[in-house]
Enquirer: 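Below is one structure. I have some questions about it.
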Amino acid sequence: MEREQQPGRRALLGAAALGAGAVALSGAGTATAAGTRTAPGAAAAAETSGRGHELPVPTVIGHRGASGYRPEHTLGSYQLALDMGADIVEQDLVPTKDGHLVCRHENDITATTDVSAHPEFADRKTTKTVDGTKLTGWFTEDFTLAELKTLRAKERIPGNRQRNTLYDGRWEVPTFEEVLQWAEREGRRRGRRVWLYVETKHPTYFRKLGLGIEEPLAKLLRRYGRHKKDAALFLQSFEPSSIQRLRKLVGTPSVVLLSTIDSRPWDFVEANDPRTVADLVKPEGLKWIASYAQGIGPDLSVIIPRTPDGKLGTPTSVVKDAHAAGLILHPYTMRNENTFLPADFRRGTDPNAYGDAFGAFKAYFATGIDGIFSDNADTALLAAADFRK
């Protein structure tokens, strides 16, 4: 039976306690000296971090910033997510031709920048195969940073989020170092640390191009003091080998992202490793992940599969099993629009109108997950409040 997260449970995490496999999380939670209830393992977090009590659980992660309201991976999107109260703000990293790390969801920037409107870059349009998928467009690895800085960001899915197109052209593509500097400024202004959630995108693909992501990322983390186990930052990747490589370079807490249940991490495909996500979420697979990472970030369908008609089905045992292995769970991604919601939470016939997002959040939080990625941090925070009191 799934461990049910009780309303009234106040859960807080300190990153220093998230040592790989070091904390065996119990399912009942622990009472603190203050009399509040903590998440499984959170009491140990408070004891070992020295800071403790920084991240409420369920934790709300601003997915690509506040991408439900602003073009994703822009300083405008990150700022809005932080202003809304997101506990952590997410960045995805890809390299430029000259080795700088920039914030884009994909190296294909056709849909997220105005590159197609720049005639000087018309000859850069090309076709590539990235992680087994053939793509035609413009790619960050074919541009220097100076060239990328002449572009402006735009809304990736204007058909779904037409209002976001109002902000097309307002922001440039940020470097990760610029985001680190932004987080430091905001931290000083707010009197608290600003948490970041940083993903290495297509690391095997880029390593083959001589543009490995992990080493320059680790260098930046060390430069800005985010390389230790109590850093206000999570590292994440869909490729376990990227997390393993980073673990040798920095002590920053890390999370293995997991796609749909029958998929395989791309580095597994390259290495002829037959394991799928279904194998990784079994107790033995979770134990293996816990030997080098502190958490998992599964697709929401791994937590609650959808039925053939698109409704939410019966929760799996993944939450219980991951907690038993000492791992936190930050699944992805909740969005407010009907088109992204389970069928039983859609309202009306307009796919781009908001559905019953609060109902869907409640179903996911009730499974006991420790946090969630959301394009709509404000909605997620209101939903999470019912499980934090």
Enquirer: Taking Ile372 as the starting point, is it possible to reach Phe340 by hopping between hydrophobic residues whose side chains are less than 4.5 Å apart?
Expert: no
Enquirer: Are Lys248 and Glu215 within salt-bridge range, i.e. N to O under 4.0 Å?
Expert: no
Enquirer: Under 3.5 Å, is there a donor-acceptor pair between the Glu178 and Trp182 side chains?
Expert: no
Enquirer: Relative to Phe206, does Lys201 satisfy both conditions: NZ or CZ under 6.0 angstrom from the six-membered ring centre, and within 45 degrees of the ring's axis?
Expert: no
Enquirer: Is there a donor-acceptor contact under 3.5 Å linking the side chains of Thr200 and Ser237?
Expert: yes
Enquirer: Please assess Asp131 against Thr133 for the test side chain to side chain donor-acceptor pair (under 3.5 Å), listing each intermediate value before the final yes or no.
Expert: CA-CA 6 Å; Asp131 293 2; Thr133 300; over 6 Å; no
Enquirer: Would the number of heavy atoms belonging to other residues, nucleotides or ligands and lying under 6.0 Å from CZ of Arg163 be above 12?
Expert: no
Enquirer: Determine the interplanar angle of the Tyr205 and His202 rings, folded into 0 to 90°, and report it as parallel if under 30°, tilted if 30 to 60°, perpendicular if over 60°.
Expert: perpendicular
Enquirer: Could you check Tyr364 against Leu312 for side-chain contact (heavy atoms from CB on, under 4.5 Å), going step by step and ending with a plain yes or no?
Expert: CA-CA 10 Å; Tyr364 289 123; Leu312 286 186; 3.4 Å; yes
Enquirer: Assess the side chains of Tyr69 and Asp378: does a donor N or O sit below 3.5 Å from an acceptor N or O?
Expert: yes
Enquirer: Holding to salt bridge (Lys or Arg N to Asp or Glu O under 4.0 Å), I want the full list of residues that pass it with Arg306, two or more places apart in sequence or in another chain.
Expert: none
Enquirer: In terms of side-chain geometry, is the basic nitrogen of Asp114 or Arg152 positioned less than 4.0 Å from the acidic oxygen of its partner?
Expert: no
Enquirer: Taking NZ in Lys97 as the centre, count heavy atoms belonging to other residues, nucleotides or ligands within less than 6.0 Å. Is the count above 12?
Expert: no
Enquirer: Check Arg161, Arg335, Arg156 against Glu72 for a salt bridge (Lys or Arg N to Asp or Glu O under 4.0 Å) and give me the one that passes.
Expert: Arg156
Enquirer: Establish, from distance only, whether the side-chain atoms of Asp370 and His330 form a donor-acceptor pair under 3.5 Å.
Expert: no
Enquirer: For Arg347, look at atom CZ and say whether over 12 heavy atoms of other residues, nucleotides or ligands are found less than 6.0 Å away.
Expert: yes
Enquirer: Looking at Lys125 and Asp108, is there a salt bridge between them, counting it only when a charged N and a carboxylate O are closer than 4.0 Å?
Expert: no
Enquirer: Any luck finding a side-chain donor-acceptor pair between Arg64 and His105 under 3.5 Å?
Expert: yes
Enquirer: Just checking, is any N or O donor in the side chain of Glu141 or Asn107 under 3.5 Å from an acceptor N or O on the other one?
Expert: yes
Enquirer: Take a 6.0 Å sphere around NZ of Lys362 and say whether it holds more than 12 heavy atoms from other residues, nucleotides or ligands.
Expert: no
Enquirer: Could you walk me through whether Arg275 and Asp273 satisfy the salt bridge (Lys or Arg N to Asp or Glu O under 4.0 Å) test, starting with their C-alpha distance in whole Å, then the side-chain angles of each, then the deciding distance to 0.1 Å, before giving a yes or no?
Expert: CA-CA 6 Å; Arg275 288 177 296 172; Asp273 187 329; 2.8 Å; yes
Enquirer: Is it true that Asp267 and Arg245 have a side-chain N and a carboxylate O under 4.0 angstrom from each other?
Expert: no
Enquirer: Could you name each residue pair satisfying ring-ring contact (aromatic ring centres under 6.0 Å, His included) that touches residues 235-255, not counting sequence neighbours?
Expert: Phe238-Tyr332
Enquirer: May I ask you to check whether Thr276 and Asp262 show a side-chain donor-acceptor distance below 3.5 Å?
Expert: no
Enquirer: Going by atom types alone, do Thr379 and Asn336 pair a side-chain donor with an acceptor below 3.5 Å?
Expert: yes
Enquirer: Would you say Glu90 and Tyr78 are linked by a side-chain donor-acceptor pair, where the criterion is simply a distance under 3.5 Å?
Expert: no
Enquirer: Taking only Lys NZ, Arg NE, NH1 and NH2, and the carboxylate oxygens of Asp or Glu, determine whether Glu284 and Lys287 approach each other closer than 4.0 Å.
Expert: no
Enquirer: Are Tyr197 and Phe373 an aromatic pair by the rule of ring centers under 6.0 Å?
Expert: yes
Enquirer: Test question: given the 4.5 Å side-chain rule for I, L, V, M, F, W and Y, name all other residues clustered with Val60, or answer none.
Expert: Leu381
Enquirer: Under a plain distance cut-off of 3.5 Å, with no hydrogens placed, do Glu214 and Ser242 share a side-chain donor-acceptor pair?
Expert: yes
